[in-house]
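Along the sequence shown, residues carry numbers from 1.
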Amino acid sequence: MREMSGANTHGGQQPQKHYGVTSPISLAYPKESDHIYTQKLIEAMKPFGVFEDEDEQNHRLAVLGKLNALVKEWIAEISEEKDIPPSAIGSVGGKIFTFGSYRLGVHTKGADIDALCVAPRHVQREDFFQSFFEKLKKHEEIKDLLAVEDAFVPVIKFKFDGIEIDLLFARLALQSIPENLDLRGDSLLRNLDIRCIRSLNGCRVTDEILSLVPNKENFRLTLRAIKLWAKRRGIYSNMLGFLGGVSWAMLVARTCQLYPNAVAATLVHKFFLVFSKWEWPNAVLLKQPEESNLNLPVWDPRVNPSDRYHLMPIITPAYPQQNSTYNVSTSTRTIMSEEFKTGLSVTDEILRGKAEWPKLFEPPRFFQKYKHYIVLAASASTEENHLEWIGLVESKIRVLIGNLERNEYITLAHVNPQSFPGLKENRTENEFVSMWFIGIIFKKAENAESVNIDLTQDIQAFTDTVYRQANNVSMLKEGMKIEATHVKKRQLHEYLPPDVLQKKKKSLADVNRTSNGGTKRCSLDGSQLDSSRDTDCGTPFSSPTPVNRPGKTALEIEDRTSCPEPMAPPPVLAAQLSPGSTIPTMLGRNMPHATSPSSKALLANGPSSTDSINSSAPKRPCSPSPDSSPKRLKGPDKKCEGRDLPGQDLLVSEIIYNSIFRLSSNELPDASSPLPTNNLRVVKNSIRLTLNR
């Protein structure tokens with residue numbers, strides 16, 4: 001649906017302040033029943049751990065207070081070293097600002113805090129990553145310190161008295177930083193380098209969102225409900241092509257603008273009403289974009305041809321305006337559109353008294369929904385290598401989804417954002433593996449008994465991208481592998497435990513973990529690595545393991561493998577494998593069903609700005625296009641080295657982790673780049689299926 005208009009007045013009330021780019025749909029005030037439904041909504045969310053208690057809130061405030069004092073102390077020390085007059089040192093200031101879910105007031109238990117250190121002009125970025133890093137290192141309450149200086153969004157990550165913090169840095173062209181500084185002024189961006197602009201963007205976007213909603217408390221409660229719903233339904237992940245925290249916040253904010261007097265229960269229902277009928281790719285705007293003479297790149301399909309191919313544009317309200325959903329693909333948009341319709345149906349039932357709020361938060365039956373799945377497994381020989389490897393692989397899964405979408409025989413490719421550990425009996429003792437499951441809908445065979453489907457190019461283009469990019473940043477190590485295996489629904493028990501497949505009710509602990517923006521990373525010994533985050537990377541991490549099982553299937557799979565000569569891409573030699581088996585593809589030794597490299601990733605995919613949601617992306621032949629490559633994480637208390645990353649999107653408030661895995665287009669490996677060799681063997685393979693009618 002396009003922007004809906006037409007406001008209703010209520011009981012002779014005076015006109016309210018106008019929010020948004022259109023008039024509100026309704027100015028109706030809540031009835032008593034609306035308040036009752038809202039209270040029931042709050043009670044339904046409590047078991048999921050979305051509300052912090054007062055002690056936890058006070059703990060966060062105390063930690064931020066200590067960090068703010070530490071920043072002021074450090075800036076005073078730097079000022080003294082740089083011969084700032086003693087009379088001025090006391091007033092140079094410096095301040096910590098927060099952004100993301102914490103600043104919006106919708107963070108969950110155990111979530112991290114996104115923060116920004118703002119310093120005056122005489123403090124350099126190098127000072128932040130050197131002297132301030134050393135100051136943090138010496139602080140007894142700070143653990144797990146990690147600096148990523150040359151990432152797309154430079155960041156220092158650490159735990160301060162148990163609270164995870166991602167700290168960015170921005171140097172303003174000011175002599176001092178006043179306590180009442182408002183970061184929303186565009187003039188602050190003048191004469192700043194691009195990394196400072198990116199770092200400031202998170203705070204600027206968050207503050208603009210809060211200023212553009214008519215009632216902050218109603219907005220916050222509604223956003224908590226929608227974020228919980230999105231996570232439970234498996235559509236909360238910017239990295240995998242769904243929406244992240246800032247995008248969901250902007251959709252909720254737009255709903256609040258259209259129904260400015262409604263309470264949370266009504267707003268949740270209206271959210272589904274509005275966006276189940278929205279005519280994508282019409283953009284969602286919270287305010288009209290404002291002109292500026294700073295000449296920074298902004299989202300504007302009239303000027304930028306690439307912007308016309310964005311499928312689900314949601315535009316940030318702060319200059320420079322950006323599309324926060326550039327990763328959305330044809331499949332993910334289709335999936336989210338169906339979820340909006342389902343949410344509308346469920347909330348209709350709830351508000352008619354035919355269902356209760358917990359029904360809205362029931363997880364989907366992903367493993368019962370599709371007949372065909374691709375199992376993507378990433379493995380490494382040590383836990384440290386594994387965590388590094390899965391970060392890169394997961395950040396590239398959307399490339400595989402795009403490649404599959406363009407196959408003329410594939411209607412939909414649906415990745416489950418949650419990764420799973422492999423069954424113990426299917427992994428070697430010293431192997432750390434994570435698995436993702438992609439549900440596939442194939443087109444029905446017409447006018448033929450069977451159709452031959454070749455997924456070789458689709459999967460090899462993906463694995464090629466991952467291997468080459470890992471090699472480019474010296475991440476690739478012995479034992480790092482990717483597997484891709486086709487399985488039918490009835491074979492999933494060979495990969496997943498019964499409780500996952502039977503969708504038995506989760507324990508409260510499991511529910512709390514998934515509601516916190518992700519599951520805990522599980523090591524193979526069952527211990528847990530705390531990685532729950534409430535950010536756009538928000539996809540659950542685990543430590544899974546691949547599986548090698550033959551099995552009967554209606555799909556005949558012809559797999560062909562060969563070993564390349566060093567330094568040259570190999571010819572593909574045919575080798576018949578039994579149906580359901582996996583394909584050797586690896587670095588260093590033969591391993592189950594994966595695929596290897598051969599092209600670039602996928603750029604924008606989808607219809608022009610005039611196309612409707614039912615338009616499909618162009619099918620094969622496709623031209624895989626560049627995608628970003630990873631920044632390598634070093635160990636704790638070490639700094640990451642890499643290259644500068646110009647020319648990327650400026651929306652960074654919720655993808656700090658992802659930014660570590662991004663390179664500019666001129667740094668990407670292309671198809672002419674040699675496959676990694678140096679004693680690591682890459683095996684090419686082919687996957688062909690016969691789909692019977």
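- Note: N327 CG to N238 CG = 5.0 Å, rounded to the nearest 0.5 Å.
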Quick one, W229 with F272, criterion ring pair (Phe, Tyr, Trp, His ring centres under 6.0 Å). Give me CA distance, side-chain angles, the key distance, then yes/no. CA-CA 11 Å; W229 165 81; F272 293 120; 4.8 Å; yes

Run S331 and T334 through side-chain hydrogen bond (donor to acceptor under 3.5 Å, both in side chains) and show every step you take. CA-CA 5 Å; S331 288; T334 299; over 6 Å; no

Determine, step by step, whether S247 and T325 satisfy the side-chain hydrogen bond (donor to acceptor under 3.5 Å, both in side chains) criterion, reporting the C-alpha distance in whole Å, the side-chain angles of both residues, the deciding distance to 0.1 Å, and the verdict. CA-CA 7 Å; S247 300; T325 60; 5.7 Å; no

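- A donor-acceptor pair shorter than 3.5 Å cannot be found between the side chains of S345 and T342.
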Side chain to side chain contact (heavy atoms under 4.5 Å, CB included) for F271 and V252? Distances and angles first, verdict last. CA-CA 7 Å; F271 172 91; V252 171; 4.1 Å; yes

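- Scored by the side-chain hydrogen bond (donor to acceptor under 3.5 Å, both in side chains) test, R184 finds D182, S211 as partners (sequence neighbours excluded).
- Taking 4.0 Å as the cut-off between side-chain N and carboxylate O, E408 and K443 do not count as a salt-bridged pair.
- Between the side chains of Q257 and R254, at least one donor N or O lies within less than 3.5 Å of an accepting N or O.
- Atom CZ of R302 has 12 or fewer neighbouring heavy atoms from other residues, nucleotides or ligands inside a 6.0 Å radius.
- In this structure, the side chains of L183 and L188 come closer than 4.5 Å at one or more pairs of heavy atoms.
- Side-chain N/O atoms of E394 and S419 include no donor and acceptor closer than 3.5 Å.
- Side-chain contact check for V263 versus Y37: every heavy-atom pair is 4.5 Å or farther apart.
- Atom CG of residue L296 and atom CG of residue N201 lie 10.0 Å apart, to the nearest 0.5 angstrom.
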Would D114 and Y102 satisfy side chain to side chain contact (heavy atoms under 4.5 Å, CB included), going step by step from the backbone distance to the final call? CA-CA 7 Å; D114 295 316; Y102 182 79; over 6 Å; no

Please step through ring pair (Phe, Tyr, Trp, His ring centres under 6.0 Å) for the pair F367 and F437, ending with a clear verdict. CA-CA 9 Å; F367 294 108; F437 290 79; 5.3 Å; yes

Could you go step by step and tell me if L286 and E208 meet the side chain to side chain contact (heavy atoms under 4.5 Å, CB included) rule? CA-CA 9 Å; L286 296 183; E208 280 287 353; over 6 Å; no

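- Applying the salt bridge (Lys or Arg N to Asp or Glu O under 4.0 Å) test to pairs two or more places apart or on separate chains, those with a residue in residues 233-244 are R233-E339.
- Ring-centre distance between F48 and F361: below the 6.0 Å cut-off.
- Considering H59, Q57, R60, K109 in turn, R60 is the only one that fulfils the side chain to side chain donor-acceptor pair (under 3.5 Å) rule with E52.
- Side-chain contact between L251 and F275: present, with at least one pair of heavy atoms (C-beta onward) separated by less than 4.5 Å.
- By the 4.5 Å heavy-atom criterion applied to side chains, L400 and K396 are not counted as neighbours.
- The shortest side-chain heavy-atom distance between F97 and V118 falls under the 4.5 Å cut-off.
- L243 places none of its side-chain heavy atoms less than 4.5 Å from the side chain of Y236.
- Here the CG atom belonging to L41 is positioned 12.0 Å from the CG atom belonging to D34, to the nearest 0.5 angstrom.
- Taking the side chain as every heavy atom from C-beta outward, Y370 and I440 never approach each other to under 4.5 Å.
- Here N323 contributes atom CG and I314 contributes atom CD1; the two are 7.5 Å apart, rounded to the nearest 0.5 Å.
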Between F442 and H372, does the ring pair (Phe, Tyr, Trp, His ring centres under 6.0 Å) criterion hold? Intermediate values first, please. CA-CA 8 Å; F442 289 106; H372 303 280; 5.1 Å; yes

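- Note: L267 CG to Y259 OH = 9.5 Å, rounded to the nearest 0.5 Å.
- Under 3.5 Å, the side chains of Q321 and T316 contain no donor-acceptor pair of N or O atoms.
- Put simply, the side chain of V50 does not reach to within 4.5 Å of the side chain of V106, judged on heavy atoms.
- Atom OG1 of residue T266 and atom CG of residue L273 lie 11.5 Å apart, to the nearest 0.5 angstrom.
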